[in-house]
Amino acid sequence: CHFCGDFLQILSEVLKSFSECLLGGFLMLQGEIFDEISSEQLIDKISCYCPHYTENTMDFIRKLADSAGVGPSSYMAEALLREPLMISLNEARLEAEAVLFGAVDQLFAKTGVKPEEIGIVIANCSIFCPLPSLSDMIVNRYRLNSTVLAFNLSGMRCTAGLSAIKLAKQLLQLHEYCYSLIVSTETLTENFYKGNNHLMLAANCVFRVGGAAILLSNHARDKCSSKYELIHTVHNHTASSDTAYNCVFLEEDSEGVRGVTITKDLVAEASKAITTNLAMVGPLILTILDKIKFLTDTMIRFMIISMFALSKKTPVLDGLQKSLNMTDSDIEASRMTLYRFGNISSSSIWYVMAYGEAKGRIKKGHHVWQLAFGSGFKCCSIVWRANRTIDHDEDLSNPWRNEIDEFPVKLDCFKDKLYLD
């Protein structure tokens with residue numbers, strides 16, 4: 001009857017909404033295609049290639065780089081290591097293509113999924129927004145089907161990667177037997193600031209090249225092979241506050257040079273956004289007994305990644321650790337990611353997760369909590385459940401695999417340093 005038909009259709013839609021969202025695989029670009037550089041080498045090149053910087057600015061850059069917590073072997077875009085600097089649309093496009101295609105090529109090889117099986121593509125990069133878009137680049141490169149759903153997220157800074165996961169989850173609830181490809185990156189060529197405003201110099205000293213490709217699936221056949229199942233996505237937004245809205249802002253300085261301003265309000269606004277997000281996540285993942293212990297105990301594997309490595313006066317990771325009462329162990333994976341790879345924006349959370357895998361810390365049934373915050377001001381949490389114990393040596397593509405025994409390293413030399421005007 002007509003009523004039965006309507007009922008079955010509604011039931012089908014409800015069941016779809018509860019379909020599993022599985023993490024089929026994720027891969028971080030290891031950076032070998034780019035040049036490895038230390039902070040000292042970067043400063044030497046900046047002083048040679050950027051004559052427009054005043055001596056006062058160079059002194060500030062040296063203090064900034066010395067205190068940022070980035071180690072000696074992160075990766076830098078080729079265009080920023082040439083003399084003169086090659087900052088152009090074409091160079092930014094070449095950098096983006098190298099990262100995107102390098103990560104996606106390796107992800108396809110790792111998972112065995114074919115390009116024609118992809119039904120959803122989501123790319124994110126905050127400042128570099130070419131035409132055609134980054135998602136269009138991927139569709140063109142891999143000759144994806146004409147029915148593919150392609151989305152491009154911009155201007156969201158470091159929360160974009162987890163926001164893309166949330167978007168993919170919602171789309172997978174509407175499309176059965178589908179794979180979603182997510183690619184997260186940030187180009188340095190478009191981000192380099194050539195002016196003398198100290199509040200805009202952070203990106204030059206801290207951000208580095210990197211990217212991640214992630215494969216999500218709602219295929220039941222992938223249940224056994226997938227590492228994780230997506231459990232919760234939680235998002236909160238504080239842009240209604242002018243202070244929060246303006247604490248990370250892309251603008252021109254007094255000389256008309258474009259750059260990202262990071263104000264002294266960043267740590268306070270980040271702490272507020274994260275505290276609100278934690279209050280939203282807690283009831284979803286904790287039992288009544290756990291809720292009682294929530295304020296003093298870590299119930300799940302907590303991995304938090306800073307969207308920016310510093311503000312005007314206090315390192316963001318140090319500030320957040322203090323204001324949220326986190327231990328060195330809670331923040332270890334984030335600090336080591338910053339030290340080894342630099343700030344790689346929205347893809348950083350995947351390097352952090354890979355650190356936990358390489359250390360052999362993720363067991364079957366564990367919940368893994370990814371948390372990111374960024375401009376807007378936004379905060380996003382993703383909670384995964386491990387479908388199996390992750391062997392620390394099973395993933396040959398893990399960027400930490402050949403050097404994980406060297407970490408964690410002591411970073412006392414970076415603590416308690418101030419970033420002076």
Side-chain angles (χ1 to χ4, degrees), residues 15-29 103-122 142 144 148-149 161-184 211-234 284-285 300-301 303 333 347 349-372 380-401:
L15 291 175
K16 274 186 186 180
S17 69
F18 289 100
S19 61
E20 293 177 319
C21 183
L22 305 170
L23 180 58
F26 64 97
L27 189 138
M28 293 67 58
L29 193 69
V104 174
D105 284 347
Q106 294 179 52
L107 181 67
F108 282 148
K110 175 182 178 180
T111 62
V113 172
K114 299 178 181 178
E116 55 266 27
E117 296 181 86
I118 301 298
I120 302 166
V121 174
I122 305 174
Y142 298 99
L144 303 186
V148 68
L149 301 175
L162 294 189
S163 296
I165 296 291
K166 182 176 182 179
L167 174 60
K169 175 189 176 182
Q170 294 172 334
L171 292 170
L172 288 171
Q173 289 174 344
L174 301 175
H175 301 274
E176 296 179 293
Y177 312 117
C178 186
Y179 285 109
S180 177
L181 173 65
I182 300 168
V183 187
S184 297
I214 303 97
L215 184 70
L216 296 184
S217 168
N218 59 10
H219 287 274
R221 70 189 183 202
D222 293 326
K223 176 71 174 180
C224 295
S225 60
S226 63
K227 290 183 178 180
Y228 305 95
E229 180 183 348
L230 181 57
I231 305 300
H232 298 294
T233 61
V234 176
L284 298 175
I285 60 177
I300 65 176
R301 299 286 169 173
M303 298 181 182
S347 64
I349 51 174
W350 298 101
Y351 290 78
V352 173
M353 195 164 179
Y355 183 91
E357 289 191 350
K359 283 291 187 181
R361 295 174 179 173
I362 301 176
K363 311 298 181 184
K364 182 177 180 179
H366 275 172
H367 288 75
V368 178
W369 184 355
Q370 292 180 306
L371 186 147
C380 191
S381 282
I382 299 290
V383 179
W384 306 90
R385 181 171 56 228
N387 290 334
R388 55 187 172 84
T389 296
I390 310 300
D391 186 345
H392 72 281
D393 204 34
E394 73 175 65
D395 190 351
L396 300 181
S397 63
N398 191 312
W400 298 95
R401 183 173 182 270

Please check this pair: side chain of N218 against backbone of C178, looking for a donor-acceptor N/O pair closer than 3.5 Å. yes
CG of L230 to SG of C21: how many Å apart, nearest 0.5 Å? 4.5 Å
A side-chain contact here means heavy atoms from C-beta on lying under 4.5 Å apart; do I214 and L23 qualify? yes
Let me confirm one number: the CZ-OG distance from F26 to S347, rounded to the nearest 0.5 Å. 12.0 Å
Report the residues that fulfil side chain to side chain donor-acceptor pair (under 3.5 Å) with D222, sequence neighbours left out, ordered by chain and then residue number. Y179, S217
With heavy-atom distances below 4.5 Å as the criterion, would you say the side chains of L149 and H175 are in contact? yes
Are the side chains of Y177 and L172 in contact, using a 4.5 Å heavy-atom criterion? no
May I ask you to test the V113-L215 pair for a side-chain heavy-atom distance under 4.5 Å? yes
Just to verify, what does S226 make a side-chain contact (heavy atoms from CB on, under 4.5 Å) with, not counting sequence neighbours? L22, N387
Minimum heavy-atom separation for C380 to L162, with atom names? O-CD1, 3.4 Å
Qualifying residues under side chain to side chain donor-acceptor pair (under 3.5 Å), relative to E117, sequence neighbours excluded: R221
Look up atom CZ in R385 and atom NZ in K364, then write down how far apart they are to the nearest 0.5 Å. 10.5 Å
Y142 side chain reached by F108 side chain, heavy atoms, under 4.5 Å: yes
Gap separating the CD1 atom of I118 from the OG atom of S180, nearest 0.5 angstrom: 7.5 Å
Apply side chain to side chain contact (heavy atoms under 4.5 Å, CB included) to residues V234 and L284 and explain how you reach the verdict. CA-CA 10 Å; V234 176; L284 298 175; 3.6 Å; yes
For the pair R388 and E394, find out whether any cationic side-chain nitrogen is under 4.0 Å from an anionic carboxylate oxygen. yes
I182 side, atom CD1; L167 side, atom CG - distance, nearest 0.5 Å: 8.0 Å
Can any side-chain N or O of H366 pair as donor or acceptor with the backbone N or O of K363 at less than 3.5 Å? yes
Heavy-atom closest pair (A333 atom, Y355 atom, distance to 0.1 Å) is CB-CD2, 3.6 Å
Working to the nearest 0.5 Å, report the span between CD1 of I390 and CD of E357. 5.0 Å
Below 4.5 Å, heavy atoms only, C-beta onward: do V368 and V383 meet side chain to side chain? no
Please list, chain by chain and in numerical order, all residues satisfying side chain to side chain donor-acceptor pair (under 3.5 Å) with W400, sequence neighbours excluded. none
Under the side-chain contact (heavy atoms from CB on, under 4.5 Å) test, residues paired with V148 that sit two or more places apart: V121, V139, L144
Scan residues 106-116 for pairs that pass salt bridge (Lys or Arg N to Asp or Glu O under 4.0 Å), counting only residues two or more places apart or in two chains. K110-D395
Show me the pairs that pass salt bridge (Lys or Arg N to Asp or Glu O under 4.0 Å) and involve residues 161-172, at least two apart or across chains. none
Does any part of the side chain of E176, heavy atoms only, come nearer than 4.5 Å to the side chain of H219, both counted from C-beta? no
With respect to I382, which candidate in H232, M353, Q370 satisfies the side-chain contact (heavy atoms from CB on, under 4.5 Å) definition? Q370
For S184, all residues meeting side chain to side chain donor-acceptor pair (under 3.5 Å), sequence neighbours excluded: N124
Would a 4.5 Å heavy-atom cut-off, applied to side chains only, mark I122 and L181 as touching? no
Step-by-step side chain to side chain contact (heavy atoms under 4.5 Å, CB included) determination, W384 to K227: CA-CA 9 Å; W384 306 90; K227 290 183 178 180; over 6 Å; no
Sidechain-backbone polar pair: Y351 side chain, L29 backbone, donor-acceptor under 3.5 Å: yes
Please answer whether the main-chain N or O of G25 pairs with a side-chain N or O of T111 as donor and acceptor at a distance below 3.5 Å. no
